[in-house]
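Both counts, for ligands and for their atoms, begin at 1 and track the order of listing.
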Amino acid sequence: MKKITKITAVILAIVMTVFAFASCGGSGKEEESSTEGASGSSSGKVWVIASDNAFAPFEFLDSDSGKYIGIDMDIMAAIAEDQGFQYKINNIGFDAAMSAVQSNQADGVIAGATITDERKKSYDFSDGYFDAGQAIVVAADSDIKSIEDLNGKTVAAKASTAGATYAQSVADKYGFKVTILEDSPTMYQGVMQGQYAACFEDEPVARYSIVSQKLSLKVIGDTINPAQYGFAVKKGQNTDLLNMFNAGLADIKANGKYDEILAKYGYNTTSDSESSTVA
Ligand code: GLN
């Protein structure tokens with residue numbers, strides 16, 4: 001009797017261990033990347049980096065591999081390799097990624113995040129790594145030609161983004177309503193289906209998505225608030241990580257890796273500006 005109980009306990013322990021290991025496996029949404037450079041990371045620390053989940057060409061799901069790819073993903077990998085640190089990326093969406101840094105659930109965020117004075121109050125940004133402003137995106141067959149034509153209409157913008165901040169800041173002036181959505185694909189669908197007259201999106205992302213996904217959308221008007229994208233950490237925290245990002249960014253700019261990454265996604269770089277060959 002005693003023996004049977006012991007055997008049962010052993011079997012139970014084995015089963016529980018197997019389950020515990022199984023549940024550690026990838027959820028499909030999380031991408032684990034570990035890179036150990038020549039200098040190695042003796043601390044064994046794995047930095048947690050949060051990112052957007054549908055923001056091509058910076059981070060987007062590659063349906064063939066089931067992995068997140070894009071300029072931000074490649075830049076992070078190249079910098080980690082150069083600086084010899086380990087990290088794990090959680091592609092949880094922009095709003096969630098920015099919040100994750102503030103609530104210490106992530107050490108840093110790389111998500112095509114625009115460096116703004118407002119954000120500098122709660123985040124420390126790396127050096128800029130890409131120039132981008134926002135733009136108005138409308139249905140391909142829309143008559144809307146400028147922001148003035150949005151009078152009396154409803155537009156979409158993505159939660160916590162620079163596009164949303166801008167749209168809300170001029171909504172009264174131009175007489176439109178703003179609906180906040182969680183992600184870029186939902187905005188694009190809503191505009192194509194006529195639910196929203198327009199959406200505010202980062203211009204390179206809108207142009208890349210329109211071409212690569214053959215979306216019935218077009219970009220109108222001038223670029224809004226051009227600024228740089230930066231990697232960010234919570235203000236006053238993870239300074240080591242921020243310093244490694246900056247050092248690695250300088251290295252990959254100097255050794256050609258940065259240009260190679262941008263070229264892979266259709267951008268030809270000149271000394272200090274990017275020009276798209278995509279759209
Ligand atoms: N660049 C924009 C911002 O920082 C949008 C970023 C995003 O949607 N991933 O607000």
Side-chain angles (χ1 to χ4, degrees), residues 29 31 49-61 68-76 89-102 106 108-137 155-171 178-191 196 198-210 212-213 215 217 219 221-235 245 262 265 267 274 276:
K29 277 236 153 191
E31 197 55 43
I49 312 296
S51 185
D52 202 343
N53 53 7
F55 201 59
F58 296 92
E59 44 269 341
F60 57 109
L61 194 60
Y68 282 94
I69 58 168
I71 294 170
D72 285 348
M73 304 295 94
D74 286 0
I75 285 181
M76 202 64 220
I89 294 233
N90 291 335
N91 293 88
I92 51 180
F94 187 71
D95 185 31
M98 295 300 279
S99 310
V101 167
Q102 288 304 322
V109 52
I110 187 155
T114 304
I115 303 172
T116 66
D117 288 342
E118 187 57 34
R119 284 180 182 158
K120 279 185 192 167
K121 292 177 190 161
S122 37
Y123 299 86
D124 287 329
F125 281 93
S126 69
D127 296 331
Y129 65 84
F130 195 90
D131 286 311
Q134 284 71 52
I136 299 173
V137 181
V155 306
K158 183 161 114 189
S160 298
T161 62
T165 305
Y166 174 76
Q168 283 165 332
S169 74
V170 296
V178 185
T179 298
I180 299 296
L181 302 173
E182 265 319 297
D183 56 52
S184 295
T186 311
M187 289 199 300
Y188 302 158
Q189 287 305 320
V191 174
Y196 311 106
C199 70
F200 287 77
E201 174 66 295
D202 283 20
E203 189 169 358
V205 173
R207 291 194 186 280
Y208 189 94
S209 302
I210 290 169
S212 64
Q213 296 166 47
L215 303 176
L217 295 170
V219 171
D222 297 331
T223 304
I224 300 159
N225 294 337
Q228 288 207 296
Y229 286 168
F231 168 81
V233 294
K234 187 172 179 177
K235 197 169 177 66
F245 188 94
L262 288 201
Y265 295 95
Y267 292 93
E274 295 91 23
S276 170

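For the 3.5 Å distance criterion, the side chains of Tyr229 and Asp202 qualify, holding a donor opposite an acceptor. In this model, a donor atom of one side chain and an acceptor atom of the other lie less than 3.5 Å apart for Glu201 and Tyr188.
The pair Asp52-Lys158 meets the salt-bridge criterion, with a side-chain N (NZ, NE, NH1 or NH2) lying under 4.0 Å from an Asp/Glu carboxylate O.
With sequence neighbours excluded, the residues forming a ring-ring contact (aromatic ring centres under 6.0 Å, His included) with Phe231 are Phe245, listed by chain and number.
Proximity of a side-chain donor or acceptor of Ser51 to a complementary backbone N or O of Ile110 within less than 3.5 Å is detected.
When each of Tyr265, Phe58, Phe55 is checked for a ring pair (Phe, Tyr, Trp, His ring centres under 6.0 Å) with Phe130, only Phe58 meets the rule.
For ligand 1, the 4.0 Å heavy-atom shell contains residues Asp52, Phe55, Phe94, Ala111, Gly112, Ala113, Thr114, Arg119, Lys158, Thr161, Ala162, Asp202, Tyr229.
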